[in-house]
Amino acid sequence: MSDALTDFLADLATRGHEPLLAKTSGSVCLEVSDGNGDERKTVSIDKGQVAVLGSGDAAADCTLRGSRDTLNRVAAGEVNAMAAVLRGAITIEGNWELLVRFQRLFPIAAERNATAAAQATPVA
Amino acid sequence: MSDGVVKILDGNTFVVSDRTGDIEASATDPTGLFSFDTRFLSKWVLTVDGHRLNALSTDDLNYFEAHFFLVPGTGTVYVDAKMSIIRERAVGDGFHETLKLINHDEKAIDTVVRIEAASDFADLFEVKDALEKQGTYSNAVEDGELVLRYERDTFGRATRISSSEPAEIDEGGLTFDLHLPPHGEWSTDLDVVTALRAFGEIHRRTKYGGNGGKGKSQMEADVENWLETAPRLESDWDSLRTTYRQSLIDLAALRYSPPIAGGKSLPAAGLPWFMTMFGRDSIFTSLQALPFKPELAATTLRVLGDWQGTRSDDFRDEDPGRILHEMRYGELPAFEERPHSPYFGTADATPLYVVLLDEYERWTGDGALVRELEYEARAALNWIDTHGDLMGNGYISYKRRNEATGLENQCWKDSWDSISFRDGRLPGFPRATCELQGYAYDAKVRGARLARLFWQDDDLADRLEREAADLKERFDRDFWIEDDEYYALALDEHGAQVDALSSNIGHLLWSGIVPDSKAPAVARHLMGARLFSGWGVRTLAEGEARYNPIGYHVGTVWPFDNSFIAWGLRRYGFKEEAAQIAAGILDSAYYFQGRLPEAFGGYERSITRYPVEYPTACSPQAWSTGTPLLLLRTMLGLEPIGEHLVVDPTLAGGIGQLELLDIPGRWGRIDAFARGRVHADTAGRLRPQLAASAPSS
């Protein structure tokens, strides 16, 4: 079954060189915490060269762990990755700097740009 | 310790208490223990036998520790102190507090000591805007600790309070039933730990708890080392030496290591509201500190580069290439009820990023960093002409896309009424304020140098130089107010001049966008009676409809603003005018015990005779802390040229001697000397002539 996370990773796998990560090397693991325990995908980055590895690989430099729903929404660009980390919806282990670089790859959902500002709590 | 408040800080953790060490915060006042933009303690009240205590003295020995010497009884009556109470507090991952009671009596005493503790877990934004909480609170006694908790969905924050001596712990605090023998003592170590569920690192103990103060002495050594490795200042002006030392200490205190900086630090913006990374503030402060602490600039450039915008996100006002405005870690950004994770709504940080990168290389010769940040610098230069140019007229302008919680004014004067016409009308959006065009010009000129020398891209360099020349010409045509001979504050949404006279024209000199033929008129306005108060240049000129000497950006004097204006005057050869501003601002520091505030009143110096502090100003504030440093650079005329540092001093009358020794840079270390004329009593700390007399070189 296709979901946003799968689509996001499939898209990443086709990118090859990603200029936004040209100075970045390391591996980032995305792990679904409410799955069967084996749902993790590792993305390796070698000076911008991006490759998606299978599950069950050795420990990544940075692991993002969250519910399937949260990770899907981050991958779809509906939820901001850093905000999700701040509220504990995604936990992070390992290298923070990698997360900051990696989150550049998450999209912004198109409808977000039309509605996000309107949904925010007005200033008191 | 102004307004009876004691502040200590370590990174983004800080404690603001009253002079007895107590914390009793209301919903809207910024006292308490804060960390990662969340209040972890809103109540911390010590009583002995049910009575509050009276402060005999309070010492903030280092920026991260304070000692409170207390006695029972109130301050209004004679105190018959048979007992002393000492609280020694050091902040770090919460705080550690040693509480000591000393019985001075010949008789034994029985006494009950109580500490009331509570937390509202307010987000700093809630404290500022008085908002309601949405999560749930729970207090519990667990494993001999008092645990205060706040939870909302997956968001969790907790405060863990423990004591080394046995205590009766309930959900509201800790009680100690004590028996003190004649001349006996008792003490306990209290730890208040700030625990987050968000960062992988959940604190189990405070930085200084349970290690015999070892960590603390390392901190002290770190501060000593920070001071010792800074250039040494010699001067016959005592107040200047005090101010310089205070600036260096405050700059050390305001260092902040964001979770991604690999333990390196950059300047946070200011206590208490702004202990976090700001694009504009961190860049300006790094520029001011370059001749003293160039490493701050390197970290600022790297971290802001890591966070540079890559997408278009209306909620965050993010664009590709844009440098962030502000990063926050509290509950509201965490639930995306505020856009600060991070927020990008600033129109000046992006060009200033390129300016800092170039200025940093000129001082340090660190070409490796210029090459490392080529992508970021190019993206920033690109932003100026694309997303920055909202009206497509070749000028940077701003208009927030996040209408609910974004910033209206995205220039440094960011209050609602800061940009106005002479008659007080406020222009619509987008607004193109003048100093933004100066920064863009400077970024292009400096970017061209970097492209040619480090990126081997002559085409880009040529293009940037052409664009800069074109911008300078257009700017002079579109912003110059012919009749009054100064540059308009801004262009409005129709491209019409927003014609108020403001301090912004001083930044234009700093950026070099002013043609030489127009510079004397600009300098004349800056030093004229409408803008110059005798202490410094007002944000808005006297006589403008919205002028108010205690209006935040409409008449007050901002030390930081003046430091860049003085640098600008120097750039165009107005050495004596620059020296006069430097002297005025540095003289005002005497009245603030060496710590320049964010802003002070724009009253004429001869009327008030002392500078009137702006009521709610942040202190210490990073770019005010950096101001004396840049003013020293300006007075000494320090300018890196090639591999050398040029020294070309001009001092205001009243300063006899000024030496800055061991100035670091690509030349190794160099000393700078200046001599001036002193006409009066040099032993006195106050020198009226600083404000009045003609400068001498």
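Below, chains carry the letters A, B, ... as their sequence lines are ordered, and counting in each starts from 1.
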Bottom line for A/Arg104: the part with an atom under 4.5 Å from chain B's heavy atoms is both
Taking atom types as modelled and ignoring hydrogens, do the side chains of B/Asp319 and B/Ser312 form a donor-acceptor contact shorter than 3.5 angstrom?
no
So, is the end of the A/Arg87 side chain (NZ or CZ) under 6.0 Å from the ring centre of B/Phe335 and within 45° of the ring's axis?
yes
Which of B/Arg152, B/Glu376, B/Arg400 touches chain A most, by non-hydrogen pairs under 4.5 Å:
B/Glu376
For B/Glu331, is it the side chain, the backbone, both, or neither that has a heavy atom closer than 4.5 Å to a heavy atom of chain A?
neither
Any salt bridge between A/Arg112 and A/Glu78, counting N to O under 4.0 Å?
no
Step by step, would you call A/Phe106 with A/Phe8 a ring-ring contact (aromatic ring centres under 6.0 Å, His included)?
CA-CA 8 Å; A/Phe106 294 123; A/Phe8 171 73; 5.0 Å; yes
Please look at B/Tyr375 and chain A and tell me whether the side chain, the backbone, both or neither of the residue comes under 4.5 angstrom of a heavy atom of that chain.
side chain
